[in-house]
Amino acid sequence: MTPPPPIAMLAELTHRCPLSCPYCSNPLDLARIDSELDTETWARVFREAADLGVLQLHLSGGEPASRRDLAELVRAARDAGLYTNLITSGIGLSQRRLQELDAAGLDHVQLSLQGTDAEMADEIGGYRGGFDRKMQVGRWIGEIGFPLTLNAVLHRRNLHQLPRALEMAQEMGARRIEVATVQFHGWAMRNRDALMPTREQAAEATRIVGEARAALKGKLVIDYVPADYHGDYPKRCMGGWGTTGLNVAPDGQVLPCHAAQTIPHLSFEKVQDRPLAEIWRNSAAFNAYRGTGWMQEPCTSCERKTVDFGGCRCQAMALAGDPAATDPVCVKSPHHGALQARAQGHAAQEGAALTYRDAPPKTAAEPAE
Ligand code: SF4
Ligand code: FES
C-alpha cells in the first residue's frame, strides 16, 4: 500500500553551530562540512518535497544561519510552495540577514531558549554573550513581524525557569511556546547524569503547563514534551514512523527521525541517488517500522498500539537493545521498572559536569574539534 504523503520535512542544512548544547539532537557522528548539500541540490529537494505532498519545511541544523545561502534556500522553498519555518538559536542572524529572509518569503521563526537569563543560557549553550544576542535577535524578529515560536528546552538545571520562560514568550509576542523536556538521544544520552530531571520536577512542570494552558487560552499556545523517563506511556514519536514527517541530513541522507542512525541494521538512501518520493514510499528504512506489523508483545495485543505506535524506535534501541521492542517508557514494558530506577539514579547525580557537543569536522581527514 502506498503510504500517505508526509506533512512536514525537516531540512538539517548543516551540523555547524556556534553553540554546543549538551543535549543537541544532532548525531554523535556529525556530518562533515565538505559533505553538505549545495544550494541547487537543496532547491531540487524542496521541489521534490512539495511534489510529494509536504506542506511545511523546517529549516534546521545545527544552526541554519551558519549557511551563507540561507536566504536563497528560503526563496527556493517558497518558490516550491512550501511554508517555511526557521529553527534557530538566533546566533549568526543580523538585522540585515533577517530582513533578507523576510524578503525571501520566510513565514515563521522558531527561536530556541537555553535558559531565561544570561548566566544559565550561556552556560548551557557554551557560548558567552549568546543570551544577550538572542534577545536582540528576538527584538528584530518582533520589529519585522515574523510569527514567533519560542522553544524552551528544559532539564534538571533549568526547569525552575519554566514560569519565566512562559512570561518571556508573552513579552516577546510569541504565538506559541514549545516546552520541551530534553529527550535522551545522542549528546543528551551522554549527559543523563547532568540533565535528568527529578520526578518531582517533572510533575511540577506538568502542573505549571496545565495551569498556564488554562490561563493563557487564546493568547499563547503551549506545546509540551514531558520528561518521558518518568512517564507511564511513551510518546507517539514522529507521529508514527514514516507517517507524517521525514528528515534530510546535511549530507543528503533521508531519515525517518533525527536519531534513526542509531539503529544499526538500517541504511539510509540519499537525495543525490534517488527521488525523495521513492525513498519515502519504498526505502527499507522507512518501511521498517511503518504501521503495526513489525510490533512484538505487549504492543501487538495492546489497545493503544495505534495511539502511540509502541513509542520511540530509537529509545527502544538505546534502552532495550531492540528497535522493535516496546519503548521502555511504557508501563507494560519489562524494562519499565529498571528505567524508572535508572532515571532516579541519574537525577540524583548532583554536580555532574556537562559534556558539550563537538564541532563537525571540516573534511574526512580532520577529526572533530
Ligand atoms: Fe503503546 Fe506498546 Fe505500551 Fe501499548 S504496550 S501502550 S502500544 S508502547
Ligand atoms: Fe527515532 Fe523516536 S527518535 S523514532
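For ligands, and for the atoms within them, numbers begin at 1 and follow the listed sequence. Values reported hereafter were calculated over all heavy atoms of this structure, with side chains retained and with hydrogens, waters and symmetry mates removed.
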Heavy-atom count check: over 12 atoms from other residues, nucleotides or ligands less than 6.0 Å from Asp34 CG?
yes
Heavy-atom contacts with Pro234 under 4.0 Å: which atoms of ligand 1 show up? List them by number with element.
8 (S)
How many protein N, O or S atoms are found at a distance of less than 2.8 Å from atom 4 (Fe) of ligand 1?
1
For atom 4 (S) of ligand 2, the protein heavy atom that lies nearest, with its residue and separation
Arg313 N, 3.4 Å
Ser333, portion touching ligand 1 at heavy-atom distance under 4.0 Å:
neither
Tell me the salt bridge (Lys or Arg N to Asp or Glu O under 4.0 Å) pairs involving residues 148-166, sequence neighbours left out?
Glu123-Arg157, Arg164-Glu167, Arg164-Glu171
Determine whether the side chain, the backbone, both or neither of Gln315 has a heavy atom under 4.0 Å from any heavy atom of ligand 2.
neither
Taking it one step at a time, do Arg357 and Glu63 satisfy salt bridge (Lys or Arg N to Asp or Glu O under 4.0 Å)?
CA-CA 13 Å; Arg357 192 199 100 142; Glu63 171 50 62; over 6 Å; no
In terms of residue, atom name and distance, what is the protein heavy atom nearest to atom 3 (S) of ligand 2?
Cys312 SG, 3.5 Å
Close-contact set for ligand 2 against Cys257 heavy atoms, below 4.0 Å
1 (Fe), 3 (S), 4 (S)
Atom CD of Glu119 with >12 non-hydrogen neighbours under 6.0 angstrom:
no
When you look at CZ of Arg175, are more than 12 heavy atoms from neighbouring residues, nucleotides or ligands closer to it than 6.0 Å?
no
Listing, residues 208-222 side-chain donor-acceptor contacts under 3.5 Å, not counting sequence neighbours, or none:
from: Glu211; atom 1: OE1; to: Arg207; atom 2: NH1; distance (Å): 3.2
from: Glu211; atom 1: OE2; to: Arg207; atom 2: NH1; distance (Å): 2.8
from: Arg213; atom 1: NE; to: Ile222; atom 2: O; distance (Å): 3.0
from: Arg213; atom 1: NH2; to: Ile222; atom 2: O; distance (Å): 2.8

Measure the distances from the heavy atoms of Met238 to every atom of ligand 2 and state whether one is below 4.0 angstrom.
no
Using only heavy-atom distances, determine whether the side chains of Gln114 and Ser112 contain a donor-acceptor pair under 3.5 Å.
yes
Short list, please: which atoms of ligand 2 are under 4.0 Å from a heavy atom of His185?
3 (S)
Who passes ring pair (Phe, Tyr, Trp, His ring centres under 6.0 Å) against His258, sequence neighbours left out?
His185
Side chain to side chain donor-acceptor pair (under 3.5 Å) between Gln161 and Asp117, intermediate numbers included
CA-CA 9 Å; Gln161 295 189 331; Asp117 56 45; 3.2 Å; yes
So, for Pro5 and Leu52, which heavy atoms are closest and what is the spacing to 0.1 Å?
CB-O, 3.1 Å
Ligand 2 atoms in contact with Cys237 (distance to a heavy atom under 4.0 Å):
2 (Fe), 3 (S), 4 (S)
